[in-house]
Enquirer: 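One structure is given below, represented as structure tokens, and several questions about it will come after.
Quantities reported herein were computed from a predicted structural model and do not represent experimental measurements. Throughout, protein chains are lettered first and strands after them, A, B, ... in sequence-line order, and every chain is numbered starting at 1.
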2 protein chains.
Amino acid sequence: MTLDTRLSWTDVRDQVRARILNRTYAPGDRLPRDEDIAQELGCARTTVHRAMQDLALSGLVERKRKGGTHVRADPVTRATFDIPITRREVEDRGAKYNYQLISREMEQTPRAVMARFGLQAPAQMLRVRALHLADNRPYILEDRWVDTTSTPEILKVDLAQHSANEWLVRNKPYSRVDVRFSAITAEGTTAEYLAAPLGSALFVIERTTWIGADPITTVQSVAAPGYQLVAQS
Amino acid sequence: MTLDTRLSWTDVRDQVRARILNRTYAPGDRLPRDEDIAQELGCARTTVHRAMQDLALSGLVERKRKGGTHVRADPVTRATFDIPITRREVEDRGAKYNYQLISREMEQTPRAVMARFGLQAPAQMLRVRALHLADNRPYILEDRWVDTTSTPEILKVDLAQHSANEWLVRNKPYSRVDVRFSAITAEGTTAEYLAAPLGSALFVIERTTWIGADPITTVQSVAAPGYQLVAQS
DNA sequence: AAAATTAATATGTAGCTACATAAAAATGTC
DNA sequence: GACATTTTTATGTAGCTACATATTAATTTT
């Protein structure tokens, strides 16, 4: 048991956060300099610096050189989501995972896919459609396009056995990713594959990845009715 | 012009990331110790440490004391979303913001709301329903419950003038938040208020906040058709 | 051989110094 | 007064030391 009351940077962060919460430092206010806070609390400036960095990262304060640290007037809620490979997601829920390949063919990219990649002209890419199942019930329907220029190896993968999702995540790291969420209405074959009532609302995750400037893949993953995405705490 | 090729921690991070991308360090592999990397690249261990922390934060590697640093075998896509106050969101799109109060009354919390707060028994709370408009078109319909025990001041706020969203964000900082996304079908008054075709799919953001262990507010925000949420790059 | 103890080790953290850098404030010039 | 230049200042970063802490690995004990 050490009797020293040495402050850790998380202690400092929590104290400063508490002061923001109880309005000692109100929205828009400028906080004291790191060094002054350090002196007041009896720790080093580096410790305060680390605490402040964390508060800035979480969106509570804004820091600027020479300008100092300000409590954000319009705090944003910042939420982080983990999007694991579908197999894991299913298995983590304690369900049995299954996978079915629906189609696999070279096609010309439609306008929507060009837009996602930021392409000027259409290209030939591998389009893979597949269904992921949880306990033998449809879970996620994915419609994927893979750039065979950046990823020719995909052509040799037996996609009936291994999902493109898994193969790509394991074998094709990306340097940039774009993720967006939306909702669509269940219609036609989408509704059929997901066994969703016609007209029901479906949650959609759109994910596009690049390596450097080169497109790798873009997927539209449509979840079965009732799907909910929860932020990391 | 300094001729020193002193490495910054972001340089180190990028170099290590590049090695993971190009399979020098493959998924599941253990990376060299921070100190060895530091020596190899010619910088201090602290610099490597900072770089590694960042890679761990972004989900690329996992670190454990004594265990070392490992490339994650099943990398997750980690995406961060900023959820600003609705006024800002609208104005940032260059649209004119408007707001309409629909109803405001004390009610007993239904089961769904109890669940969101984790309450055992129902409670009386202030229920506020309101519509946010962008360029005079429905944008987001919010159905909010405010705990008047933790937040009695809300009762004195003129909610016809200021949205509860804005007042709470500005005046009631929270210490914990739960965010989740889903999709629902447009029906009844929801469809009416949002001027959405019956049966169309609507994107839903559910946000619940606490201060310490005390509930503050929970909102279900239903967006007009076509809404898309984009991750921060 | 199994269990308990001890040692070794990689990451985590705090504090210090020194200097870099951006931006505001002060000053000087026309 | 308007504009350009210099100074000041608060945060940002790199490197060092020293020690904390969580685990694994090795050793001893039963």
Enquirer: Counting heavy atoms from C-beta on, name the nucleotide in dT24(D), dA23(C), dG15(D) closest to the side chain of Lys64(B).
Expert: dT24(D)
Enquirer: Applying side chain to side chain contact (heavy atoms under 4.5 Å, CB included), can you list everything that pairs with Ser58(A), at least two apart in sequence or on another chain?
Expert: Leu60(A)
Enquirer: Quick one: are Arg45(B) and Arg33(B) in side-chain contact, heavy atoms under 4.5 Å?
Expert: no
Enquirer: Give Gly67(A) one of three labels, base, sugar-phosphate or nothing, depending on what nucleic acid heavy atoms sit under 4.0 Å from its own.
Expert: nothing
Enquirer: Does some side-chain heavy atom of Glu153(B) sit less than 4.5 Å from a side-chain heavy atom of Asn171(B)?
Expert: no
Enquirer: Distance check needed: dA14(C) P versus Arg13(A) CZ, whole Å only.
Expert: 11 Å
Enquirer: Less than 4.0 Å between a side-chain N and a carboxylate O, is that true for Asp29(A) and Arg23(A)?
Expert: no
Enquirer: Return the value, rounded to whole Å, for the distance between atom CZ of Arg65(A) and atom C1' of dT8(D).
Expert: 15 Å
Enquirer: Specify the separation, in whole Å, of atom CG of Asp36(A) and atom P of dT9(D).
Expert: 13 Å
Enquirer: In whole Å, I'd like the distance from the CZ atom of Arg30(A) to the P atom of dA23(C).
Expert: 14 Å
Enquirer: In whole Å, what is the span from the NE2 atom of His70(B) to the C1' atom of dT24(D)?
Expert: 11 Å
Enquirer: Just so I know, are the side chains of Val157(B) and Val128(B) near enough to count as touching, which here means a heavy-atom distance under 4.5 Å?
Expert: no
Enquirer: Using whole Å, report how far CG of Leu7(B) lies from P of dG12(D).
Expert: 21 Å
Enquirer: Rounded off to whole Å, could you give me the CD-to-P distance for the Gln39(B) and dC16(D) pair?
Expert: 11 Å
Enquirer: Within the structure, does a side-chain N or O atom of Thr69(B) lie under 4.0 Å from either OP1 or OP2 of dA10(C)?
Expert: no
Enquirer: When you match Leu31(B) and Arg45(A) each to their closest nucleotide on DNA chain C, which lands nearer the 5' end?
Expert: Leu31(B)
Enquirer: Let's see if you can work this out: which of dA22(C), dA14(D), dA14(C) has an atom nearest to the side-chain heavy atoms of Ser8(B)?
Expert: dA14(D)
Enquirer: Contact list please: residues 46-56 of chain A against DNA chain D, heavy atoms, distance less than 4.0 Å, in numerical order.
Expert: His49(A), Gln53(A)
Enquirer: Among dA8(C), dG12(C), dT13(D), which is the nearest nucleotide to the side chain of Lys66(B)?
Expert: dA8(C)
Enquirer: Indicate whether the side chain of Tyr99(A) and that of Gln161(A) have a donor and an acceptor atom separated by less than 3.5 Å.
Expert: no
Enquirer: Considering only dA14(C), dT11(C), dT21(C), which nucleotide approaches the side chain of Arg33(B) most closely?
Expert: dT11(C)
Enquirer: Expressed as a whole number of angstroms, how long is the span from Asp34(A):CG to dT13(D):P?
Expert: 12 Å
Enquirer: Can you tell me if Arg87(B) and Tyr97(B) form a side-chain donor-acceptor pair at under 3.5 Å?
Expert: no
